[in-house]
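Along the sequence shown, residues carry numbers from 1. All values reported here derive from a predicted model rather than from experimental measurement.
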Amino acid sequence: EMTVEEGQTITMKFEGNPSRVQAFLTDYDADVPVRYPLEEISKNTFRVRPDGIKTLDVQAAFPGNIQVFYSTLVDVVKIS
């Protein structure tokens, strides 16, 4: 689990050079699961919103039709 402030950016690092990276916060505790796409600020860097305890889901595509998936629990805290 990791804790970040709402609006903070996170950067994904890979050994190779992915052709595409998508990042989402998923709220599995909602009545119906809700997926929030993260705003890409620059290559592999995303702004984290909205606040709450969510699952960070990252999908990276590499040449040769290779897909990499990563998930972790994240607590996004609202800045007062």
Quick one: do R35 and K54 satisfy side chain to side chain contact (heavy atoms under 4.5 Å, CB included)? Show the steps, please. CA-CA 9 Å; R35 187 176 230 193; K54 311 276 192 284; over 6 Å; no
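No side-chain heavy atom of V4 sits under 4.5 Å from any side-chain heavy atom of V77. Side-chain contact between E5 and V76: absent, with no pair of heavy atoms (C-beta onward) separated by less than 4.5 Å. At a threshold of 4.5 Å between non-hydrogen side-chain atoms, the residues E39 and R49 count as touching. Using a 4.5 Å heavy-atom threshold, the side chains of Q22 and P37 count as separate. Side-chain contact check for T55 versus L25: every heavy-atom pair is 4.5 Å or farther apart.
Within a 6.0 Å sphere centred on CD of E1, heavy atoms belonging to other residues, nucleotides or ligands number more than 12. For K43, the NZ atom is densely surrounded, since the number of other residues' heavy atoms within 6.0 Å is greater than 12.
Minimum interatomic distance between S71 and D57 (heavy atoms only, all atoms of both residues): OG-OD1, 2.6 Å. Contact detail for P18 and F62: the closest heavy-atom pair is N-CE2, 3.5 Å. In terms of heavy-atom proximity, M12 sits nearest to A23 at CE-CB, 4.4 Å.
Under 3.5 Å, the side chains of N44 and T11 contain no donor-acceptor pair of N or O atoms. For the 3.5 Å distance criterion, the side chains of D75 and T3 fail to qualify, holding no donor opposite an acceptor.
Side chain of R47 to main chain of T9: no donor-acceptor pair is present (N/O by atom type, distance under 3.5 Å, no hydrogens or angles).
No path of Ile, Leu, Val, Met, Phe, Trp and Tyr side chains, each step under 4.5 Å between heavy atoms, connects F24 with I53, placing them in separate hydrophobic clusters. One hydrophobic cluster holds both V34 and L56 under the rule that ILVMFWY side chains link at heavy-atom gaps under 4.5 Å. Under the 4.5 Å side-chain heavy-atom criterion for ILVMFWY residues, no single connected hydrophobic cluster contains both F69 and L38. Follow the hydrophobic side-chain contacts under 4.5 Å out from I10 and you never reach I79; the two are in separate clusters. Tracing side-chain contacts under 4.5 Å through hydrophobic residues (I, L, V, M, F, W, Y), one reaches Y70 starting from F14; they form part of the same cluster.
The side-chain contact (heavy atoms from CB on, under 4.5 Å) search around D29 returns D27, not counting sequence neighbours.
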